[in-house]
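Structure first, then comments.
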Protein chains: 2
Amino acid sequence: MQDYTPAQQRVLDAAAAAFSEHGFGGTSTRDIAVRAGRSPAAVYVHYSSKEDLLFAVSRRGHEAALRAMLDARDTATCPHDRLTAMVHASTLWHLENALLARVVQHEFGALTEPHRSTIAALRRETSQLVVDAIEDGNASGDFDVADHDVTGTARALLSLAIDLVRWFSPDHLDRAEGIANLNVRLAERMVGSRHRPPPRSPSTGR
Amino acid sequence: MQDYTPAQQRVLDAAAAAFSEHGFGGTSTRDIAVRAGRSPAAVYVHYSSKEDLLFAVSRRGHEAALRAMLDARDTATCPHDRLTAMVHASTLWHLENALLARVVQHEFGALTEPHRSTIAALRRETSQLVVDAIEDGNASGDFDVADHDVTGTARALLSLAIDLVRWFSPDHLDRAEGIANLNVRLAERMVGSRHRPPPRSPSTGR
DNA sequence: GTCTATAGGGGGATAGAC
DNA sequence: GTCTATCCCCCTATAGAC
């Protein structure tokens, strides 16, 4: 994590919006400059190249998503709650930051070394959080993972949140909480959770 | 579905590879021409613009993916087998055609009207197949969908296959069958399938 | 149906004044 | 730290010969 000046932040936000809308290759530095209310040259005072700007956007996004999952993990006290809190937080983060998240998840291939390796490390760290959470529950007997495939199940859980950025837009924000809750229910089933939620009355169910 | 001449097909394949690697905006028509072994001008004999070429790639991919799911659906005789066959087929298609699938799933936003609407219709058709399969099983009592949210569950099932294109490459093809099988197991859990697979001996489990 | 050549525009990035 | 102006390159697409 690192701080940005207001000017840097403004360019960063403009770049995130432009990359999200047109892709890295389809975005011109002029477009970014206009969105940021600056001249094209002003962009290069803060970032040395378009790719450097993508790296800043991508790193900031990955760090924020990771932070959200770490916070969720640390508020829970049992494997079930830990995993579901992480799924809920990750889903909500991708929905509430859909534009940034789209850049994070779809523009990795446009990064060049050494930036690519830095981002790859953040991704591994995030994945490992989910793997660890599943393994904890599996070891304690709270979970019963399909085919004993912990890494594959972790991949699938992450996909539930990540793939939302392919279509979700801020227009749909009122549906975010419902989607996050569904992902939590699905995650419980996917890991074979034996944790029983307090059942709602069947007669008033829905 | 429609046929292409060998020359059209060659340009189409070149474009799919280039779009997959660099994105639509990051791909030049010269790059496509070189990959196809043609001059830049030859591309425009077969396609009127770069966007028209993306449309052809996208339509061909969507139609192939839809066909794979339709074939899977029609080979099954009960709701459980129908859904799992579709999940297996969809997952395998996205893995075995990962480069094309990446264009299909990540470059939708670069399409312009009326192409965008044509592709959107193919996507709705594909989604509806999954929704119908889940509803069938829910109605027959074979499934017990979480929160009674059929469309949300369908979205999640599709994400399990689709999100693979974000990282999967042809280098990993030996893992495709294992991933498809895991997605099937996860799908069974996600829809609350009561169908019991023949249990393997617990003592020799895995 | 393919080529060479090129028109016409927009791209990333920099120079130098303020 | 921001601007205007601009370099130089590559872009999409077309013209016209074969």
Side-chain angles (χ1 to χ4, degrees), chain A residues 2-60 103 107-116, chain B residues 2-60 103 107-116:
Chain A
Q2 90 180 59
D3 287 335
Y4 293 90
T5 66
Q8 281 176 322
Q9 185 65 54
R10 188 160 172 170
V11 173
L12 208 64
D13 291 344
F19 292 155
S20 178
E21 190 169 341
H22 300 120
F24 177 75
T27 298
S28 70
T29 54
R30 282 171 171 79
D31 182 10
I32 295 169
V34 167
R35 290 180 193 245
R38 294 285 190 285
S39 72
V43 171
Y44 289 88
V45 174
H46 306 291
Y47 302 94
S48 65
S49 70
K50 193 172 85 161
E51 192 273 340
D52 191 50
L53 194 37
L54 172 63
F55 173 57
V57 171
S58 187
R59 185 177 50 183
R60 201 167 168 74
V103 180
E107 302 300 335
F108 177 79
L111 292 166
T112 55
E113 294 296 349
H115 294 160
R116 186 192 284 254
Chain B
Q2 89 181 60
D3 287 334
Y4 292 92
T5 66
Q8 281 176 322
Q9 186 64 55
R10 189 160 171 169
V11 173
L12 207 65
D13 291 345
F19 291 155
S20 178
E21 190 169 342
H22 301 120
F24 177 75
T27 297
S28 70
T29 53
R30 280 173 169 78
D31 183 10
I32 295 169
V34 167
R35 289 181 194 243
R38 294 285 190 287
S39 73
V43 171
Y44 290 88
V45 174
H46 306 290
Y47 303 94
S48 65
S49 70
K50 193 172 86 161
E51 193 273 340
D52 191 51
L53 193 37
L54 172 64
F55 174 57
V57 170
S58 188
R59 186 177 51 182
R60 202 167 168 73
V103 179
E107 302 299 336
F108 176 80
L111 292 167
T112 55
E113 293 296 349
H115 293 159
R116 186 193 284 254

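Here is the naming used below: chain letters follow the sequence lines, and residue numbers restart at 1 for every chain. Only this structure's heavy atoms are used, side chains among them; waters, hydrogens and symmetry mates stay out.
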#### Entry: Pair A:Glu51 + A:Arg116: basic N to acidic O under 4.0 Å
no
### Task
Using a 4.5 Å cut-off on heavy atoms from C-beta on, say whether the side chain of A:Asp52 contacts that of A:His115.
yes
### Query
Rounded to the nearest Å, what distance is computed from the NE2 atom of residue A:His46 to the P atom of nucleotide D:dG1?
6 Å
### Task
To the nearest 0.5 Å, tell me how far B:Leu53 CG sits from B:Ile32 CD1.
5.0 Å
### Message
Does anything in residues 24-50 of chain B form a ring-ring contact (aromatic ring centres under 6.0 Å, His included)? List the pairs, not counting sequence neighbours.
### Response
B:Phe19-B:Phe24
### Task
Could you pull out all residues at least two apart from B:Arg38 that satisfy salt bridge (charged side-chain N to carboxylate O under 4.0 Å, His left out)?
none
### Message
Run B:Asp13 and B:Gln9 through side chain to side chain contact (heavy atoms under 4.5 Å, CB included) and show every step you take.
### Response
CA-CA 6 Å; B:Asp13 291 345; B:Gln9 186 64 55; 3.0 Å; yes
### Task
May I ask you to decide if A:Thr5's main-chain N or O and A:Gln8's side chain share a donor-acceptor pair within less than 3.5 Å?
yes
### Global bending angle along the helix from C:dG1-D:dC18 to C:dC18-D:dG1, which compares the axes of five pairs at either end, to 10 degrees
0°
### Summary
Separation between CG (B:Leu54) and CG (B:Leu111), nearest 0.5 Å, reads 4.5 Å
### Task
Nearest whole angstrom, please: distance from the P of D:dC11 to the CG of B:Leu53.
15 Å
### Query
Nearest 0.5 Å, what's the OG-CD distance between A:Ser20 and A:Glu107?
8.5 Å
#### Entry: Rounded distance (Å) that lies between atom C1' of C:dG11 and atom CD1 of A:Ile32
12 Å
#### Entry: Residue list, side-chain hydrogen bond (donor to acceptor under 3.5 Å, both in side chains) with A:Thr27, at least two apart or on another chain
none
### Summary
Under a 4.0 Å heavy-atom criterion, the protein footprint on nucleotides 12-18 of chain C, written with B, S and -, is BBBB---
#### Entry: Those residues of residues 10-18 of chain A lying under 4.0 Å from DNA chain D by at least one heavy atom
none
